[in-house]
Amino acid sequence: MTRQARMTVVIGFRDWGLDRLVVAVRAHVQSSMGHSCDVLVVDYGSRNADEVRSCVEAEGARVVRTEVDGPWSRSRALNVGVLAAQSEVLVTTDADILFSPQALETIAMHVEYAPQCLHVLQCKDLPEGWGPDRAAEFDWRAFEAESLYRPRWGMGGMAAFRREQFDRIRGYDARMHTYGAEDLDFAERMRRAGMPVNWIDDARARIYHIWHPSTREATNQSQEGTSAVFQNRAILLEDDTLLRNYAPDHRIEITSPAASIVIATRGRIALLKDSIASCVTQTVRDIEVLVVDDGSTEDVCSVVESFADPRLRYIRQPALGVGHARNAGAAHARSEHIVIHDDDDIMLPRRVELHLSALRRAAQGTTGGWVDFDNETGHMVPNSGAEFSYDALLFRPKTIVHGASMLPRSLLRAFPYDEELPAGVDYNLFLRLAKAGLQMRHTQHMHILRRLHGANLTSTQSDAQRDAARRTTRLILSEFSLAELTRRRAASRATPAIECMDLTDLELYVPHLPGHLLERTIVVTELSDEGAERLLRCDAQLSSGLTRESARLTNAGLQRELVFRAADSRQAALIAQQLGSMASGERATVSVTSRRRKQETAAGEHSEPEPHEAFQQLDPTLDREVALAAHAAEPISYVVEGRGFESAATARECIRWLRAETAAPGYVVSSAETGDSWCVGLATDSPIAARFALSHLRSRCEEAVCGSRVR
């Protein structure tokens, strides 16, 4: 059957009721639509695959086979069928539903007349005794006289829709399996996505359910079946999200990605690399990243190609301005959901996932908080934003940040960026959208690390930014009376701030800072001597470009460790993956840790204090000898020792912590005393490292002390 088919009927099937399936397929093939209807049966792992194919193809229908080991999932079977279909109009139904001769043609007419709707029919149940043999007589008058209508809920036994509607909510929920609720959930998400349900009331369109023993009763005979029914019901009643099937375990290859990330850039290649790297490492893999090059003189295309990721798309245009570049991104995007990203910012790994999970209606945008960081010092300031409103945008600073938002593609095409403005196009856009009634839903999470540097548009075009903002607000404020302005200003002050779940613990974001602000260490532990030496010899083979000086073998007392240094997060992840593969024959553990290159003081400055200054911050109960030694003119080393660990495992855990968290110059030593009592020590030139180590050891062992010595 060619792509020219007017409609495709998709039926999911597995192992139960082949005789009913054959009768149902025959009715579809013999309908008034004839060859303009493609009938597709998804064999979802049936044991008798050859028989199923032979019987279905003998009736003139197609079979798509899916090999599975898990439970029956009507959701996944129907998703497979829709994606394999060759027409734009789809009908999903079951293997025990008979369609009257003119039903499919009538349904097709309704879909073509109202393409924005989900179309359903009210099913009629044939009474007991009307099994496949009697149903095969196709006595439609008897069917109508003897059957009874089901209650009008869900989809009644079938659903008809256009492919773009299916893509819009990403299909049936693949988490549902075994029995029930997937059709109800599908219809409800369609409705919430702005596609009303149309119950077709036409005498030419009837569907009948062939009688068979109750599937629900058979399912309830097992604990697994009962659990699945409750899980499906919980998803239906409690999960009000719009999009499904974008997580790694359940994603499906729909024609459009779950989200399109749009980056407009000009002449900031070094920053762009970090920005793209944070996009391609998102937890949601089903994305596309559009890099719109607004007339850069540098070779941006080579930067994009260096990632060798098919999800990246490069779009080149003359230097027409940031507004034009962002409109071009929206025009080329294939997803309905556009994630706005700046070429100098860094996405946190779950950003796209959080955007999508917060969607409740298709017309809504989603946004989140952001962390400003100084590109020179790494100093971070969190901003959660405020509740989105027209008044807050006019009068309250830091209500929302453009680069932490996701908006519907249709909205950005209906309300494009103002291409006449040299700057401030984001503020102008949000004001116009808010005035038009846009509702933005906050995810209550941080989305991006926003880089503050001398090349920000806010810095380089500050006059243009202010002028654009004045031009935008002047027109708006001129519409209000003085009393109205006073009221709106008061309303903006009353706008509640958003409480983000991860607002205060800034250490969560340290590993995601750019490479020049961090030292990244990859440690391979639990190695035998032979395994450690083998990995040390193989470091030159790593494709990350490590040199022999970048790896060193250490003796941690209780274990052998191999330590690598990486320049950035991408290199660190690659090294860790390769080392894990090389050490597959060992009991090896590969871990990646990140540490700031510069320590942050209470005043917000980012420089390592001198030893005598830093030592004043150490625990006041330290020996007097240590305090005095801190003021000595000669270089000083600090020795921290923990005694009386309850087990070797506890001591080993502390050693790992010291290596990962203190990242101190010097060495870690440990020695066994008697029985299960262990001693762990740290020698370091860093008083800050000594302070952290002492505090940690005191919480894990009987006694922890610190001393100093002049080197």
Side-chain angles (χ1 to χ4, degrees), residues 170 174 241-254 256-265 271-292 303-304 306-314 329-330 332-359 365-371 373 401-409 441-451 500-502 508-515 520 568-574 576-577 592 594:
R170 302 192 67 77
T241 58
L242 191 66
L243 300 187
R244 310 286 169 82
N245 306 324
Y246 54 80
D249 293 341
H250 303 294
R251 57 175 293 210
I252 56 177
E253 299 296 336
I254 289 178
S256 62
S260 296
I261 301 172
V262 174
I263 305 173
T265 187
L271 305 182
L272 178 64
K273 290 179 180 178
D274 287 338
S275 179
I276 295 176
S278 69
C279 296
V280 298
T281 55
Q282 288 291 295
T283 54
V284 175
R285 309 296 297 166
D286 187 14
I287 59 174
E288 66 172 356
V289 183
L290 290 81
V291 179
V292 185
V303 173
V304 175
S306 68
F307 284 85
D309 192 320
R311 298 173 300 170
L312 289 172
R313 297 169 59 195
Y314 173 72
H332 285 85
R334 293 186 296 128
S335 174
E336 175 59 21
H337 308 286
I338 294 182
V339 175
I340 301 163
H341 193 54
D342 290 336
D343 64 351
D344 53 351
D345 292 344
I346 296 172
M347 280 193 185
L348 294 171
R350 295 184 61 215
R351 178 186 171 183
V352 174
E353 176 189 345
L354 292 168
H355 274 308
L356 297 178
S357 63
L359 276 178
T366 57
T367 189
W370 68 98
V371 179
F373 76 93
V401 69
H402 177 253
S405 304
M406 184 178 79
L407 292 169
R409 178 185 58 188
R441 185 181 181 90
H442 202 291
T443 67
Q444 296 185 308
H445 286 275
M446 295 301 194
H447 283 189
I448 63 170
L449 303 183
R450 192 172 69 152
R451 192 189 312 247
C500 282
M501 300 178 186
D502 41 13
L508 292 172
Y509 312 114
V510 168
H512 307 292
L513 289 170
R520 288 185 169 87
D568 55 45
S569 58
R570 291 183 69 218
Q571 187 190 50
L574 180 59
Q577 180 181 12
V592 180
S594 302

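Residue numbers count from 1 along this sequence.
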Exercise. Would a distance-only check, ignoring hydrogens and angles, find a side-chain to backbone donor-acceptor pair under 3.5 Å from S260 to I338?
Worked result: no
For this session: Not counting sequence neighbours, which residues clear side-chain hydrogen bond (donor to acceptor under 3.5 Å, both in side chains) with Q282? List them please.
Result: none
For this session: Locate the shortest heavy-atom distance separating S275 from D343; write the atom from each residue and the value.
Result: CB-O, 3.4 Å
Exercise. Step by step, would you call V371 with I448 a side chain to side chain contact (heavy atoms under 4.5 Å, CB included)?
Worked result: CA-CA 6 Å; V371 179; I448 63 170; over 6 Å; no
For this session: Measure the spacing between CG of L243 and CD of E353 and express it to the nearest 0.5 Å.
Result: 12.5 Å
Seminar exercise, completed: In this structure, CD1 of I340 is separated from OG of S405 (nearest 0.5 Å) by 5.5 Å
Problem set entry | Spatial distance of atom NE2 (H341) from atom CG (L290) [nearest 0.5 Å] | 13.0 Å
Exercise. If you take all heavy atoms of G329 and V262, which pair is closest and at what distance?
Worked result: CA-CG1, 3.8 Å
Exercise. Are any of the side-chain heavy atoms of I263 and L272 separated by less than 4.5 Å?
Worked result: yes
Exercise. Who passes side-chain hydrogen bond (donor to acceptor under 3.5 Å, both in side chains) against D342, sequence neighbours left out?
Worked result: R326
Problem set entry | Under 3.5 Å donor-acceptor, R285 side chain and V280 backbone | yes
Problem set entry | Euclidean distance, S278 OG relative to K273 NZ, rounded to 0.5 Å | 14.5 Å
For this session: For the residue pair E336 and S256, establish whether any side-chain heavy-atom pair is separated by less than 4.5 Å.
Result: no
For this session: For residues P257 and Y246, determine if any side-chain heavy atom of one lies less than 4.5 Å from a side-chain heavy atom of the other.
Result: no
For this session: Say whether, by atom type as modelled, one donor and one acceptor occur between the side chain of N245 and the main chain of A174 under 3.5 angstrom.
Result: yes
Exercise. Between T443 and A358, is there a donor-acceptor pair closer than 3.5 Å when you use the side chain of the first and the backbone of the second?
Worked result: no
Problem set entry | Results of salt bridge (charged side-chain N to carboxylate O under 4.0 Å, His left out) for R170 - residues two or more places apart only | D286
Problem set entry | Closest non-hydrogen atom pair between W370 and M446, with its separation | N-SD, 3.4 Å
Seminar exercise, completed: Closest non-hydrogen atoms of V304 and L312, given as atom of the first, atom of the second and distance, are O-CD1, 3.6 Å
Exercise. Hey, is the main chain of A333 close enough, under 3.5 Å, to the side chain of R409 for a donor-acceptor pair?
Worked result: yes
Exercise. How about L359 and H337: do any of their side-chain heavy atoms sit closer than 4.5 Å?
Worked result: yes
Problem set entry | Which residues share a salt bridge (charged side-chain N to carboxylate O under 4.0 Å, His left out) with R441, sequence neighbours left out | none
Problem set entry | Smallest separation among heavy atoms of A404 and G369, with atom names | CB-O, 4.2 Å
Problem set entry | Under the salt bridge (charged side-chain N to carboxylate O under 4.0 Å, His left out) test, residues paired with E288 that sit two or more places apart | R313, R334
For this session: Might you work through the side chain to side chain contact (heavy atoms under 4.5 Å, CB included) test for H445 and L348, ending with a clear yes or no?
Result: CA-CA 10 Å; H445 286 275; L348 294 171; over 6 Å; no
Exercise. Is there a side-chain contact between V292 and H332 (heavy atoms, below 4.5 Å)?
Worked result: no
Seminar exercise, completed: Taking every heavy atom of P511 against every heavy atom of L508, the minimum-distance pair comes out as CD-O, 3.6 Å
Seminar exercise, completed: NE2 of H442 to OG1 of T366, rounded to nearest 0.5 Å, is 10.0 Å
For this session: Taking the side chain as every heavy atom from C-beta outward, state whether M406 and T367 have any pair of such atoms under 4.5 Å apart.
Result: no
Exercise. Can you name the residues that form a ring-ring contact (aromatic ring centres under 6.0 Å, His included) with H447, not counting sequence neighbours?
Worked result: H355
For this session: Please name the residue in the list L356, V339, I346 that meets the side chain to side chain contact (heavy atoms under 4.5 Å, CB included) test with R351.
Result: V339
Exercise. Just by distance, do the side chain of R451 and the backbone of D344 share a donor-acceptor pair under 3.5 Å?
Worked result: yes
